[in-house]
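A short write-up of the structure that comes next.
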Amino acid sequence: VAILGGVLGFGHSAAEVLGFPIVFFWMFCCFPLTTLCLWVSWRYFDRRHYPREGAR
Amino acid sequence: MIVGIVCAVLAVSLAIAFWAGHGRRDGGISEFLVGGRSFPAWLVYFLAVGEVYSIGTMIGLPSGIYAKGASYGIWFLGYILLAYAIGYFVAPLVWRAGHRYSAMTLPDLFRAHYRSRTLELVASLTMLVALIPWGEYQFIGLQVVLSSLGIQLTAVQAVAIAGLLAFCYIAVSGIRSPALVSIMKDSFMVFGVVAVGIATLLVSRGAGITPMSTPTIPAELATIHGSAMTFAISTIVFQAVVFYLALGSGYIFPARSERAVKSSTVWMPLYMLIYPFLVAASYYALRAYPRLANPNTVFMVTARGVLPSWLVGVVAAGASLSGLLVLAVTALAIGALVSRNLLPHLEPTVQRRWTTLFVAVFLVLAALMTLYAATLMLTVLNLFYGLIAQVVPATVAVLYAKRVRPTALTAGMIVGVCLAVALYLYGPAVLGISSGLIAMAANAAVVVGWRLLSPGTTRTPVSSSDQPRQRAVTTPSVPTV
């Protein structure tokens with residue numbers, strides 16, 4: 001939603017942030033945000049369902 | 001100096017490749033193709049980013065922005081990022097499927113799950129036809145890099161050197177060599193991209209301007225409107241789906257467990273932090289070099305314009321390694337498809353030899369295509385995705401569907417491939433929608449329609465079983481299929 005919504009929302013705009021078109025800037029912000037979301041999902045929800053290799 | 005640095009880096013990478021194969025030359029086909037399913041999460045990470053961030057990242061993306069504007073840059077970034085979010089959930093299932101059937105290629109999966117030789121053959125041919133333009137894509141980029149080193153290389157010599165190096169990576173130890181060389185490649189690639197990006201920012205700032213805000217860059221190259229928006233959105237969705245469901249097996253199957261696959265995916269988006277530097281360099285090039293005859297050269301031209309020669313050597317080395325690695329892994333995938341899926345009844349003990357032979361055949365074929373049918377890199381990328389996407393409905397069926405006939409999947413695949421090729425060659429863009437997405441939708445419609453009319457027998461989809469993720473298993477070196 002963030003990726004597609006951002007492209008749809010900011011793609012038409014000629015505004016700039018830090019010298020980049022805003023649609024690119026939004027995409028750059030999504031890189032760490034995506035990792036944060038995946039890390040929270042892994043750390044707090046999924047990791048316990050995937051035991052370490054060799055663990056029983 | 002540039003040539004010396006590139007040659008030294010390539011020599012070290014070859015040494016790493018040979019070292020990776022030390023003691024594993026007799027490891028059998030499983031060791032050769034999927035590393036004996038033993039890669040830990042960190043190695044899966046490097047193998048995956050090594051394959052994903054191909055020479056298209058350094059050469060293709062800037063050329064796309066330069067020639068086509070923001071929409072090309074945005075779909076390139078958007079689809080990779082969205083793919084990671086999708087891959088976090090589906091990649092472990094693909095690993096589970098591979099483990100369940102001791103599969104080393106996707107057609108292995110289809111044959112074992114559906115017990116259909118026809119489906120295996122059609123899927124193999126589809127992937128073969130798709131991977132040849134993918135190899136051509138890497139060759140075009142390598143040709144650009146090698147030609148930009150300032151030495152007199154003909155196109156034939158450039159692709160011959162690239163092909164020979166890629167063959168050496170694979171011939172010594174299969175998938176293990178590219179996996180280890182990826183670490184070196186990523187170091188050089190990140191350093192090179194960041195160096196070019198920072199240099200362009202500094203040069204722009206010295207001139208009192210931001211990277212994009214100049215009257216010499218048309219507004220349509222910095223914004224996305226109309227059919228370009230439809231193209232960007234549809235391509236992001238389409239290629240993100242294809243990313244793990246058709247292409248991912250190369251770096252998913254070598255993992256030692258579902259945990260290794262899933263945990264490595266978490267950190268992959270961070271690698272994308274190199275893209276702001278590439279986008280800055282692309283827009284700088286639009287202003288500084290507005291009339292380049294070949295857009296594919298834009299990144300190397302920019303590098304030569306803003307960096308000292310020793311740093312250009314580092315950039316060229318990173319670009320060369322990225323193209324060579326993906327070329328090598330693609331060649332390995334082709335070899336595996338031919339020796340395991342196309343040629344019937346090859347003994348597992350001789351498959352490694354045949355795979356190596358077909359690696360060489362593929363490299364020659366892709367090199368010839370590069371010499372006689374070169375085009376804009378991102379156009380080739382679109383054809384590749386349009387074709388490879390046609391195995392996605394079959395992969396989804398293996399993972400999730402209880403009742404689908406293999407004949408339905410085969411028919412859908414044939415319809416999808418024909419439509420993808422027709423749209424690429426003749427079809428005008430339909431409202432700007434990605435032609436690959438249209439072809440894949442037609443493929444899926446055939447499968448769903450057939451399923452509704454004639455569901456077939458019940459099979460257990462891979463997502464319904466959770467047995468293998470509870471333990472790490474190393475597949476025997478010689479597979480049973």
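Throughout, a chain's letter reflects where its sequence line sits, starting with A, and its residues are numbered from 1.
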When the 4.5 angstrom heavy-atom criterion is applied to A/Leu8 and chain B, the contacting part is both

* Donor-acceptor pair between B/Tyr79 and B/Tyr385 side chains, under 3.5 angstrom -> yes

The interface call for B/Tyr88 against chain A, heavy-atom contacts under 4.5 Å, is side chain

**Item:** Distance-only donor-acceptor check, side chains B/Arg96 and B/Ser257, under 3.5 Å
**Value:** no

field: Donor-acceptor contact below 3.5 Å, side chain A/Ser41 vs main chain A/Cys37
entry: no

Worksheet entry | No-hydrogen, no-angle side-chain donor-acceptor test under 3.5 Å, B/Tyr275 and B/Thr57 | yes

Turns out that what part of B/Met272 lies under 4.5 Å from chain A's heavy atoms comes down to both

Whatever's closer than 4.5 Å to a heavy atom in chain B on A/Leu4 counts as both

Sequence neighbours excluded and cut-off under 3.5 Å, please list the side-chain donor-acceptor pairs for residues 237-245 of chain B, or say none.
none

Under 4.5 Å to a heavy atom of chain A? For B/Ile236 that would be side chain

Max heavy-atom pairs within cutoff under 4.5 Å with chain B, candidates A/Trp39, A/Phe25, A/Phe28, goes to A/Phe28

